[in-house]
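Sharing a structure below in structure tokens format, with a few things to ask.
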Amino acid sequence: MCKFKRSISEATLYTRSDNEGGLIIVSIYVDDIVYTGNSERMLTEFKREMMQRYEMSNLGLLHHFLGMGILQTDQGVFIHQSKYAKSLLVKFGLEDCKPVSIPLPTGERLKKVDGSDLANEGLYRKIVGSLLYLTATRLDLMYAASLLSRFMTSPTKKHMGIARKVLRYVQGTLNHGIEYVKDKSTILIGFCDADWASSEDDSRSTSGYAFSFGSGAFSWASVKQNTVALSTAEAEYVSAVEVTTQAIWLRFVLDDFGEMQTEATPLFCDNMSAISMAKNPVFHQRTRDINRRYHFIREALQEGVIDMKFCRSEEQLADIFTKALPKDRFNYLRMKLGVKPVSSLGEDVEN
């Protein structure tokens, strides 16, 4: 397509460069195209080529895409889903509900059978599915939505009550989104964490990670691990492996952008035992029970792809993806990951 190179790591991504250092990046989703670059000439040529080849409209500067709002300022870019969030409250009859300050009660751990009656499964699935879509820009909802998604079959009234509480949190944070600040470093950094044996049903642990360039996070996850970890160190080790796979993929995509990561990607973990296990090439007593497929992290370390670093638990940003936190801790991590109200930018979003 117009002499573009298709990314082998991300099927919707195309890039084109010239001999003068110019670069244009194009992302395609069905019949929507978003493009950016560092050369006005290349951008103008691309727009002309596309309008000559295809019947399309030029909507100008990006303001909305796939349900997300994009606000571009002199300081950077702010993305949000305020309009979608408001529609959810109306859809589920909570547009006038009283907001709460955190999405989950501190330390909340749900289980399949909790003694309460069964809830409306269809309604529950709609609420949780909507919350999962909202996590495209609202990483502060990621753990809550991921936890609730474990009970899509035969949810109870307690599960439904927690889901509605999360919507009440959305009510109080309608105009929140993520800010990406200009002129930050282009060095990829990651954080990974785990909450050992957090599942009340099968004792599996929860992993969480986040990546950024020192500004707002742009890649994050909260997932239940596939195996039962026998210790906190093992749970953290498995989490480190999961974040390593994501780091490798992100490095490939960044290379397509012309942002090759020449140094090892630092991955911050708050468990020294897990770091030692990753850096030790010998299968010692503590790692005999771990599935061998997880040990590829050692190759990534030896090849200089990643670098496991220790951080204090207080500075572990991925903590927000593994458990329900107290208000002050939750708000601190939310802010550090770039989630903030649009009013903090001195701007407003469209209703």
Side-chain angles (χ1 to χ4, degrees), residues 107 109 139 142-143 146-147 150 187-212 214 217 219-252 254 261-325 329 333 336-337:
R109 292 192 177 189
L139 58 82
M142 189 71 253
Y143 174 69
S146 176
L147 177 64
R150 300 176 189 178
I187 297 176
L188 181 67
I189 57 175
F191 292 83
C192 63
D193 196 21
D195 188 24
W196 180 49
S198 57
S199 173
E200 294 286 335
D201 294 306
D202 55 19
S203 296
R204 294 184 183 180
S205 307
T206 299
S207 294
Y209 68 72
F211 286 92
S212 79
S219 176
W220 57 84
S222 174
V223 295
K224 187 164 73 168
Q225 294 182 2
N226 293 325
T227 58
V228 176
L230 301 183
S231 66
T232 299
E234 184 175 325
E236 296 275 2
Y237 180 75
V238 172
S239 176
V241 173
E242 292 168 346
V243 77
T244 297
T245 61
Q246 184 70 0
I248 291 172
W249 179 77
L250 288 174
R251 287 170 66 94
F252 282 137
L254 289 170
Q261 300 293 293
T262 57
E263 302 292 332
T265 297
L267 301 179
F268 291 93
C269 174
D270 60 5
N271 188 288
M272 283 300 301
S273 294
I275 294 175
S276 297
M277 290 162 63
K279 292 185 175 182
N280 189 343
V282 179
F283 280 68
H284 52 69
Q285 186 71 22
R286 298 189 64 179
T287 61
R288 286 193 310 174
D289 59 292
I290 301 177
N291 191 314
R292 292 199 175 195
R293 71 186 182 89
Y294 290 114
H295 294 302
F296 90 97
I297 188 175
R298 294 171 179 167
E299 292 184 6
L301 279 163
Q302 292 167 3
E303 294 171 2
V305 175
I306 63 163
D307 183 16
M308 294 295 300
K309 293 181 176 291
F310 176 77
C311 71
R312 295 183 301 119
S313 295
E314 294 79 11
E315 298 301 323
Q316 177 51 268
L317 302 189
D319 195 27
I320 198 172
F321 302 114
T322 63
K323 61 179 74 71
L325 301 171
R329 172 71 173 161
L333 295 178
K336 294 288 286 185
L337 288 164

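What you see below is based on every heavy atom in this structure, not just the backbone, and it leaves out hydrogens, waters and symmetry mates. Predicted model, so just to flag it, every value in this text is computed and none were measured.
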Evaluate side chain to side chain contact (heavy atoms under 4.5 Å, CB included) for Ser222 paired with Thr322, printing each intermediate quantity in order.
-> CA-CA 6 Å; Ser222 174; Thr322 63; 6.0 Å; no

With a cut-off of 6.0 Å (strictly less than), are more than 12 heavy atoms of other residues, nucleotides or ligands near CD of Glu263?
-> no

Taking the side chain as every heavy atom from C-beta outward, state whether Ser205 and Val238 have any pair of such atoms under 4.5 Å apart.
-> no

Might you work through the side chain to side chain contact (heavy atoms under 4.5 Å, CB included) test for Thr245 and Phe296, ending with a clear yes or no?
-> CA-CA 9 Å; Thr245 61; Phe296 90 97; 3.2 Å; yes

Run the numbers on Phe321 and Asp193 for side chain to side chain contact (heavy atoms under 4.5 Å, CB included), then give the verdict.
-> CA-CA 8 Å; Phe321 302 114; Asp193 196 21; over 6 Å; no

Do Phe268 and Ile275 have side-chain heavy atoms sitting under 4.5 Å apart?
-> no

Between CG of Leu254 and CG of Leu188, what distance do you get to the nearest 0.5 Å?
-> 6.0 Å

Donor-acceptor pair, Gln225 side chain versus Ala235 backbone, under 3.5 Å?
-> yes

Please test Asp195 against Arg109 for salt bridge (Lys or Arg N to Asp or Glu O under 4.0 Å), starting from the C-alpha separation and ending with a verdict.
-> CA-CA 11 Å; Asp195 188 24; Arg109 292 192 177 189; 3.4 Å; yes

Between Ser212 and Gly214, what is the shortest heavy-atom contact and its length?
-> OG-N, 3.0 Å

Please answer whether the main-chain N or O of Cys192 pairs with a side-chain N or O of Gln316 as donor and acceptor at a distance below 3.5 Å.
-> yes

What's the shortest heavy-atom distance between Ala274 and Cys269, and which atoms?
-> CB-SG, 4.3 Å

Using a 4.5 Å cut-off on heavy atoms from C-beta on, say whether the side chain of Ser199 contacts that of Thr206.
->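 SC-SC contact between Thr206 and Ser199 ruled out.
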
Do Glu314 and Asp270 come within less than 4.5 Å of each other through their side chains, counting heavy atoms only?
->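 Sidechains of Asp270 and Glu314: no contact.
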
Rounded to the nearest 0.5 Å, how far apart are CG of Asn271 and CZ of Phe310?
-> 8.0 Å

Are the side chain of Arg251 and the backbone N or O of Thr262 linked by a donor-acceptor pair below 3.5 Å?
->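 No, the answer is negative, given that no donor and acceptor are paired below the 3.5 Å cut-off.
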
Value rounded to 0.5 Å, distance of CG in Asn226 from CD in Glu242 |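 Output value for this atom pair is 7.0 Å.
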
Do the side chain of Ser239 and the main chain of Ser207 share a donor and acceptor less than 3.5 angstrom apart?
-> no

For the pair Lys279 (side chain) and Leu301 (backbone), establish whether a donor and an acceptor sit closer than 3.5 Å, ignoring hydrogens and angles.
->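 No; zero donor-acceptor contacts below 3.5 Å.
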
Side chain proximity check, Ile297 to Tyr237, heavy atoms < 4.5 angstrom |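 Yes, at least one pair of side-chain atoms sits under 4.5 Å.
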
More than 12 non-hydrogen atoms from neighbouring residues, nucleotides or ligands closer than 6.0 Å to NZ on Lys336, yes or no?
-> no

Under the 3.5 angstrom rule, does the side chain of Arg329 hit a backbone N or O of Ile320 as a donor-acceptor pair?
->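 No; zero donor-acceptor contacts below 3.5 Å.
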
Short N-O contact, Asp202 and Lys224, less than 4.0 angstrom = yes

Beyond-backbone contact of Phe191 with Leu333, side-chain heavy atoms, under 4.5 angstrom = no

Pairwise side-chain contact, Ser198 with Lys323, heavy-atom cut-off 4.5 Å (strictly under) =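 SC-SC contact between Ser198 and Lys323 ruled out.
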
